[in-house]
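A quick write-up on the structure given underneath.
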There are 2 protein chains.
Amino acid sequence: MASDHTRSAILTAAERLYADRGFSDVTLRDIVAEAGVNLAAVNYHFGSKDELIAELFVTRSIATNRERLRELKAAEEQGGGRAPIEVILHALVGPTLRGCLGPENQRSTAARFMIRASIESVPPIRRIKNREIDHLRKFAGAMRRALPERSDVDIYWGLNFALAMAHHTIRESERLTKLSEGKCDLDDVEDVISRVVSVATMALTAGKAEAKAARVAAR
Amino acid sequence: MASDHTRSAILTAAERLYADRGFSDVTLRDIVAEAGVNLAAVNYHFGSKDELIAELFVTRSIATNRERLRELKAAEEQGGGRAPIEVILHALVGPTLRGCLGPENQRSTAARFMIRASIESVPPIRRIKNREIDHLRKFAGAMRRALPERSDVDIYWGLNFALAMAHHTIRESERLTKLSEGKCDLDDVEDVISRVVSVATMALTAGKAEAKAARVAAR
DNA sequence: GATAGTTTCATACAACTGTTTGAATTGCAA
DNA sequence: TTGCAATTCAAACAGTTGTATGAAACTATC
């Protein structure tokens, strides 16, 4: 396998360019120019452009998922197989938000890349995201154990809304800053996380009757 | 302006193809073939491909926004200038969700197009969405009037989370169906709307102290 | 029915895309 | 050093894309 030099130079350059300019207007020629390697090297080392993008995204999302499961497992072990719902939700959205938000000037290439991936959603990335379901099922399971009196439907909706708030906040962070004229501080990641967690927790723990009543009233 | 025949044939064909196959793999040649018109007609009538896409999206989002404001205005007039927060949120997310969800087999081309636009987010559409801020400010204003004791920051976060839940549910409706093994019924649009509204309402009305405490505890 | 303005058409353009090829070079093992 | 595989390279390939052109067809007005 020799030195890996070319391979990793491509990965680094590609991640940086995609992060800065988005997937749609970065070509292989841009990437190899930035990496200082030959055009054919991409197909030689990765097979195709899509496989290069997939490798970039898989690497980063494996890291996030591992961190999620680490937090979840730690919490469940400490609670004897059952963790509080807030902690489960924290494990679900914390790593994602920490990986993408934070002070802009010190945001890593990886973070900016993941934001792009979240916004643009090109085919190879979409394919990978579709395989994420098994991973989410683990969280659904933990949530069910934490709230055994809750129906499956409510659990899934709670999970869906927690992810919704996290991902949308990442995708639209610029717009939220502009809309709120800077009043919403997206650099304070821990505050964002706790906001998402607390709303998702309320969604999942609000008395069944009263939640149902609120829904009916809203109709 | 003659008969408009060609122009509207292009619009119809384009919306249908984009809805079915997404923006990234539909070309102008596909569109003109479907419309039964000449290739040059697109540039003649719309100027460019991007302007065609923009016109499609603007038409649909104007309709949604008008519906939103209609509901909002009706509610505020009935309440003497101040509407209940649930009703405001209902006006905010109702039209969007109604426009995109519902029984798949009877989903309109327009609905499928808007789902695509929500998933793929191509440049001309992104540009238009960025101009939506003024529209959202009207809702922020109404929410502030409904909850005068609430801080601006909390209002904006609530608005952000409401949109998050609505848009994410649209974007990821397939995944939610698969994850929940069909238990979450996305065809019952009014139920989805009331779920989103009730969670967003809780997020905005939970006692300040207790919400803050929950956030701190979650850290 | 001639004329002016609009619309349609076939066709070409020019540029860019990811991928392939086959030869040159390199690095390592025998 | 020789031989062999892995890697790099310049170049070309094959296809697609959105757009422009200029002539032809149409339409309505006088």
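Numbers restart at 1 for each chain; the letters A, B, ... are given by sequence-line order, proteins then strands. Quick note: numbers below take in every heavy atom, side chains included, and nothing from hydrogens, waters or symmetry partners. Everything numeric in this text was worked out from a predicted model, so none of it was measured.
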Contact under 4.0 Å: H45(A) side-chain N or O vs dA6(D) OP1/OP2: no
Whole-Å gap separating P (dA10(C)) and CG (L39(B)): 10 Å
S173(A) to L186(A) - nearest heavy-atom pair and separation: O-CD1, 3.1 Å
Quiz item: N38(A) side-chain donor-acceptor pair to dA10(D) base, under 3.5 Å: yes
Pairwise side-chain contact, K49(A) with I31(A), heavy-atom cut-off 4.5 Å (strictly under): no
Atom-to-atom span, CG of N43(A) to P of dT17(C) - whole angstrom: 14 Å
Neighbour count >12 (heavy atoms, 6.0 Å) for atom CD, Q78(A): no
Separation of atom CG in L28(A) from atom P in dA10(D), rounded to whole Å: 16 Å
Protein-nucleotide distance (Y44(B), atom OH; dG5(C), atom P), rounded to Å: 13 Å
CD (E174(B)) with more than 12 external heavy atoms under 6.0 Å: no
Distance in angstrom units between F46(B) CZ and dA20(D) C1', rounded: 18 Å
Residue whose closest nucleotide on DNA chain C lies nearer the 5' end, R29(B) versus V37(B): V37(B)
d(NE2, H5(B); P, dC26(D)) in whole Å: 15 Å
Sugar-phosphate, base or nothing in reach of A41(A), heavy atoms under 4.0 Å: nothing
Side-chain N,O (T6(A)) to OP1/OP2 (dT8(D)) below 4.0 Å: yes
Plane angle bin for F113(A) and F23(A) - parallel if under 30°, tilted between 30 and 60°, otherwise perpendicular: perpendicular
Side chain of T27(A) - closest among dG18(D), dC16(C), dT20(C): dC16(C)
Separation of dT17(C) C1' from D30(A) CG (nearest whole Å): 11 Å
Interatomic distance, L52(A) CG vs dT19(C) P [rounded to whole Å]: 10 Å
